[in-house]
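Each chain gets a letter, A, B and so on, in the order its sequence line appears, and its residues count up from 1.
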There are 2 protein chains.
Amino acid sequence: MRVNSLTEENYLKALLALSVTSDEVSVNDLAKHLAIKMPTVTSMMKKLAAKRLVQYESYKPIKLTKKGRQEAAGIVRKHRLTEMFLVDKMGFGWEQVHDIAEQIEHIKSPAFFDKMDELLGFPTLDPHGSPIPDKTGKIEWKHYEKLSDCKPGDKVTLSAVLNSSSDFLKFLNSRDLKLGVNLKIDSIEPFDKTITISIGKRKEVLSNLVCEKLLVEKVT
Amino acid sequence: MRVNSLTEENYLKALLALSVTSDEVSVNDLAKHLAIKMPTVTSMMKKLAAKRLVQYESYKPIKLTKKGRQEAAGIVRKHRLTEMFLVDKMGFGWEQVHDIAEQIEHIKSPAFFDKMDELLGFPTLDPHGSPIPDKTGKIEWKHYEKLSDCKPGDKVTLSAVLNSSSDFLKFLNSRDLKLGVNLKIDSIEPFDKTITISIGKRKEVLSNLVCEKLLVEKVT
DNA sequence: TTATAAAGTTAGATTGATCTAACAAATTTT
DNA sequence: AAAATTTGTTAGATCAATCTAACTTTATAA
Ligand SMILES: [Mn+2]
Ligand SMILES: [Mn+2]
Ligand SMILES: [Mn+2]
Ligand SMILES: [Mn+2]
């Protein structure tokens, strides 16, 4: 009843990720998110409930307990510190680091991650603009909005991405869309919500699917 | 039949470690080294034999195949590169890195270790003086000898340690025994082979148990 | 060279993580 | 409200990695 397995850690992380919207998570959501079958989730929920990491009763939605949320935040903290370290200290591109961090987040060594933290100067954001949870498990998102919710004429700064897959980030690289670039929304196609933006004098056309994954901050 | 599990990797590494002396390894040795029971070893040997990583027949000693030796060297390479990175690039002490490297050696990401290698300038020795296997799996030990095999009057340089446990290395730290220090053997107690050495004008008394774990190079 | 001890194997159980098939509950549609 | 669909659970199987108990082979000692 002491340390969590890699598998358990992945369930906790999934629960935390799925909680951002609804706080309560269904067996089905979890099964889909982890690409496993529902009965597997059911039995793991019983185990995690016994460890007081989740609240679980048959046929009712699942909630992380405080303890569960903290453990999950700890994993995410390790993941994001790692990504930051890989980019800032080792010279990887932001599109290369997620998969490595998925593995390193399970390393058991507070000293290792404390050292990363220190060498990085105690960062609060990861290379994708996501907040790095603090040691108490607090996760503070800035008040960003989705590019897909902006209006024509809005001037914004690209501040975070909601998808860290290599494919998506390579796409952004190919258009020189990095965190911090300033964009102006020129127009939105009513039919499919495709957005045309200006970056300096360059223009780009971005599908709604892409814009939903881009978080921006209004500039005055 | 593609990728090896963490458990399999640990068996291969153990086999390689035990092969330094005898090339052939017994079920018993392996069981002791891994702190598991013999039947567990037997069944794993069948699995590794099926994967052509070891040569195994009932009641006969076990040998790594060429493929097995290469895989094992790959893990050791990752282990030692990691230790070097932790010490040289992250500021850990040589007594802190073995346990972290035991975990990181199982990370699946050639790019990650290639980057370490590059940032370190392609080192050939780890922080404990052990050779870092090259990418082809070749491991080249310098011609060191054990301090316990030296004679009174010998002048030597401490070049490697055969035990990377935190306790042992903390003991060496407490006596300022780092790799590269020059020692002179003053005398050897015939009864228990305890050795008295001089380091500059300082004198230390080292038990045979300690001296067997210290590899030195004669200086002229 | 027989007896004893050590080393090794086989058989069967356990635990964790997963699956499929069958059934049950809850939700949505009609 | 009944039917259909979706969601969730139970039961039982599988696979990897481990164990213990019982047995066999090999090595060592008397
Ligand atoms: Mn990530
Ligand atoms: Mn990230
Ligand atoms: Mn080591
Ligand atoms: Mn080492």
Between D:dC15 atom P and B:L6 atom CG, what is the distance in whole Å?
21 Å
Using a heavy-atom cut-off of 4.0 Å across all strands, would you classify B:K46 as base, sugar-phosphate, or nothing?
sugar-phosphate
Taking the side chain of B:S43 as heavy atoms from C-beta outward, which of C:dT9, D:dT18, D:dG8 is closest to it?
D:dT18
Looking across every strand, which nucleic acid part, if any, lies under 4.0 Å from A:S5 by heavy atom: base, sugar-phosphate, or nothing?
sugar-phosphate
Nucleotide D:dT18, atom C1' - distance to CG of B:L34 in whole Å:
12 Å
Does either side chain, that of A:D167 or that of A:S165, offer a donor lying less than 3.5 Å from an acceptor on the other one?
no
Any idea which of D:dT7, C:dA7, D:dC19 is nearest the B:N28 side chain?
C:dA7
Does NZ or CZ of B:K115 fall inside the cone over A:F92's six-membered ring, less than 6.0 Å from its centre and within 45° of the axis?
yes
Distance check: side-chain N/O of B:S26 vs OP1/OP2 of C:dA7, anything under 4.0 Å?
no
So, is B:Y11 near the phosphate of D:dA16, with a side-chain N or O under 4.0 Å from OP1 or OP2?
no
Taking the six-membered ring for Trp, are the ring centroids of B:H79 and B:H98 within less than 6.0 Å of each other?
yes
When the distance from CG of B:N4 to P of D:dA16 is rounded to whole Å, what number comes out?
13 Å
For the pair made of CG in B:L30 and C1' in D:dT18, what is the distance, rounded to whole Å?
14 Å
Would you please confirm or rule out a distance under 4.0 Å between OP1 or OP2 of D:dG8 and any side-chain N or O of A:S58?
no
So what does B:T7 touch, heavy atoms closer than 4.0 Å: a base, only the sugar-phosphate, or nothing?
sugar-phosphate
Evaluate B:T136 against B:D134 for side chain to side chain donor-acceptor pair (under 3.5 Å), listing each step before the verdict.
CA-CA 5 Å; B:T136 75; B:D134 73 17; 2.7 Å; yes
Nearest-Å distance for atom pair NZ/P, residues A:K51 and C:dT15:
15 Å
Below 4.0 Å: OP1/OP2 of D:dG8 and any side-chain N or O of A:Y56:
no
Aromatic rings A:H128 and A:W94: how do their planes relate, parallel, tilted or perpendicular, breaks at 30° and 60°?
parallel
Candidate nucleotides C:dA7, D:dG8, C:dT20, ranked by approach to the side chain of B:M38 - the nearest
C:dA7
What is the separation between atom CD on A:E8 and atom P on C:dT15, rounded to the nearest whole Å?
15 Å
Between A:M44 (CE) and D:dG8 (P), how many Å, whole number?
17 Å
Would you kindly give the CD1-to-P distance between B:I36 and C:dG8, to the nearest whole Å?
13 Å
Answer yes or no: does a side-chain N or O of A:T40 lie under 4.0 Å from OP1 or OP2 of C:dC19?
yes
Between A:P39 and A:Y59, name the one whose nearest nucleotide on DNA chain C is closer to the 5' end.
A:P39
